[in-house]
Amino acid sequence: MTQASSKSDVKESYEEYLINKVGVNPELLKQGKEKVKHWTKVDWDKYHNDTDCITKEFVIALKDNLQPGSKTVQNIVKKHFALVNIFWTPDKNSYIGLGQMYKEYPDFKIFYAGYHPDLVEFLAKAMHVFAENELV
């Protein structure tokens, strides 16, 4: 299997999870792909930089012993939610489900553990609070 096809397989696996376990409308994911299909390397670099910055903000909050429901953490979650909205617009259940996916998929667990070993749990809890309070 080539690296390109394995990346494609992984993305398909994420999509299947979102559709089958979380209940995301496949049309929403398709629309998200359309939005970014013409992105340049600069666009993707900006997205990855934004993701990195937001993730580091979560780590600071975690190290400062802030609660997932604190105003500071919830403001960071709003930034995360805005990034997710580039690809699809989650409702309450699907945003909670995305947090679950982060906890269940090894790739995401490894990614977030690279920032802090407790980050994925903290992030999922913060996303859950946000979804309960802000989403329908």
Side-chain angles (χ1 to χ4, degrees):
M1 186 179 304
T2 67
Q3 186 175 4
S5 67
S6 65
K7 280 184 184 180
S8 177
D9 291 344
V10 167
K11 285 181 181 177
E12 276 185 33
S13 173
Y14 297 158
E15 289 176 6
E16 286 175 16
Y17 182 99
L18 290 170
I19 292 165
N20 297 325
K21 285 199 169 189
V22 178
V24 175
N25 181 333
E27 189 58 34
L28 289 177
L29 297 177
K30 184 179 175 186
Q31 290 170 5
K33 285 181 188 178
E34 286 296 314
K35 283 195 243 178
V36 300
K37 77 178 185 180
H38 297 294
W39 274 19
T40 65
K41 181 180 180 333
V42 172
D43 296 322
W44 282 108
D45 287 348
K46 181 185 179 330
Y47 168 78
H48 290 296
N49 182 63
D50 290 348
T51 300
D52 180 60
C53 289
I54 291 168
T55 305
K56 288 176 179 174
E57 287 184 58
F58 280 117
V59 171
I60 291 167
L62 179 58
K63 287 181 176 179
D64 286 346
N65 294 312
L66 297 179
Q67 294 301 307
S70 72
K71 184 174 180 166
T72 299
V73 173
Q74 289 302 295
N75 284 334
I76 302 167
V77 177
K78 285 180 186 174
K79 295 177 192 178
H80 177 268
F81 184 75
L83 281 180
V84 172
N85 271 262
I86 292 170
F87 302 100
W88 56 288
T89 302
D91 61 14
K92 179 169 87 171
N93 291 330
S94 60
Y95 197 57
I96 291 169
L98 179 62
Q100 282 301 121
M101 186 173 103
Y102 289 165
K103 290 174 25 177
E104 290 180 20
Y105 266 79
D107 293 346
F108 288 111
K109 290 195 294 190
I110 291 167
F111 173 78
Y112 288 115
Y115 286 89
H116 189 283
D118 300 324
L119 182 57
V120 73
E121 282 292 331
F122 182 77
L123 175 59
K125 286 178 186 172
M127 291 169 66
H128 192 276
V129 170
F130 179 84
E132 290 290 344
N133 292 327
E134 302 291 331
L135 304 177
V136 181

Output side-chain donor-acceptor pairs under 3.5 Å for residues 46-56, partner residues at least two apart or in another chain, one line each.
residue: K46; atom: NZ; partner: D50; partner atom: OD2; Å: 2.8
residue: T51; atom: OG1; partner: Y47; partner atom: O; Å: 3.0
residue: D52; atom: OD1; partner: Y115; partner atom: OH; Å: 2.5
residue: D52; atom: OD2; partner: K56; partner atom: NZ; Å: 3.0
residue: T55; atom: OG1; partner: T51; partner atom: O; Å: 2.7

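- Partners of K125 under the side-chain contact (heavy atoms from CB on, under 4.5 Å) rule, at least two apart in sequence or in another chain, are P68, E121.
- Shown here is K35, whose NZ atom has more than 12 heavy atoms of other residues, nucleotides or ligands within 6.0 Å.
- Of all non-hydrogen atoms in A61 and I76, the two that sit nearest each other are CB-CD1, 4.2 Å.
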Steps toward side chain to side chain contact (heavy atoms under 4.5 Å, CB included) verdict (V73, F122) = CA-CA 10 Å; V73 173; F122 182 77; 3.7 Å; yes

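- Scanning both residues, A126 and Q74, for their nearest heavy atoms gives O-NE2, 3.1 Å.
- Qualifying side-chain contact (heavy atoms from CB on, under 4.5 Å) partners for E132, counting only residues two or more places apart in sequence or in other chains: K92, I96, H128.
- V129 is not connected to V77 by any chain of hydrophobic side-chain contacts under 4.5 Å among Ile, Leu, Val, Met, Phe, Trp and Tyr, and they are in different clusters.
- When side chains are defined from C-beta on, K21 does not count as touching Q100, because their heavy atoms never get closer than 4.5 Å.
- Residues satisfying the ring pair (Phe, Tyr, Trp, His ring centres under 6.0 Å) test with Y105, not counting sequence neighbours, are Y14, Y17.
- For K37, the side chain to side chain donor-acceptor pair (under 3.5 Å) partners two or more places apart in sequence, or in a different chain, are E34.
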Test side chain to side chain contact (heavy atoms under 4.5 Å, CB included) on V59 and L119 and set out the steps.
-> CA-CA 7 Å; V59 171; L119 182 57; 3.8 Å; yes

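- Residues passing the side chain to side chain donor-acceptor pair (under 3.5 Å) test with N85, sequence neighbours excluded: T89.
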Please lay out, stage by stage, how W39 and I86 fare under the test side chain to side chain contact (heavy atoms under 4.5 Å, CB included).
-> CA-CA 12 Å; W39 274 19; I86 292 170; 3.6 Å; yes

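- When the ring pair (Phe, Tyr, Trp, His ring centres under 6.0 Å) test is applied to Y102, the partners found at least two apart in sequence or on another chain are H80, F108, Y112.
- The minimum heavy-atom distance linking D91 with V136 is given by the pair CB-O, 3.3 Å.
- Note on L83: it clusters hydrophobically with F87, by side-chain heavy-atom contacts below 4.5 Å among ILVMFWY residues.
- For the pair L98 and L18, the minimum side-chain heavy-atom distance is below 4.5 Å.
- Take D45 and apply the salt bridge (charged side-chain N to carboxylate O under 4.0 Å, His left out) test, not counting sequence neighbours, and it matches K41.
- Summarising the geometry, atom CG belonging to L135 is positioned 9.5 Å from atom CE belonging to M127; distances are rounded to the nearest 0.5 Å.
- For Q67, the CD atom sits in a loose shell: 12 or fewer heavy atoms of surrounding residues, nucleotides or ligands are nearer than 6.0 Å.
- With sequence neighbours left out, D43 forms a side chain to side chain donor-acceptor pair (under 3.5 Å) with T40.
- The side-chain contact (heavy atoms from CB on, under 4.5 Å) check on Q31 picks up E27, L28, with sequence neighbours excluded.
- Tracing side-chain contacts under 4.5 Å through hydrophobic residues (I, L, V, M, F, W, Y), one reaches V84 starting from I19; they form part of the same cluster.
- Contact detail for V24 and S94: the closest heavy-atom pair is CG2-CB, 3.7 Å.
- With sequence neighbours excluded, the residues forming a side-chain contact (heavy atoms from CB on, under 4.5 Å) with N75 are K71, K78, listed by chain and number.
- Checking side-chain atoms of K103 against main-chain N and O of V120 turns up no donor-acceptor pair under 3.5 Å.
- In this structure, the separation between NZ on K79 and CD on E57 is 3.5 Å, given to the nearest 0.5 Å.
- Under the salt bridge (charged side-chain N to carboxylate O under 4.0 Å, His left out) criterion, K33 pairs with E15, sequence neighbours left out.
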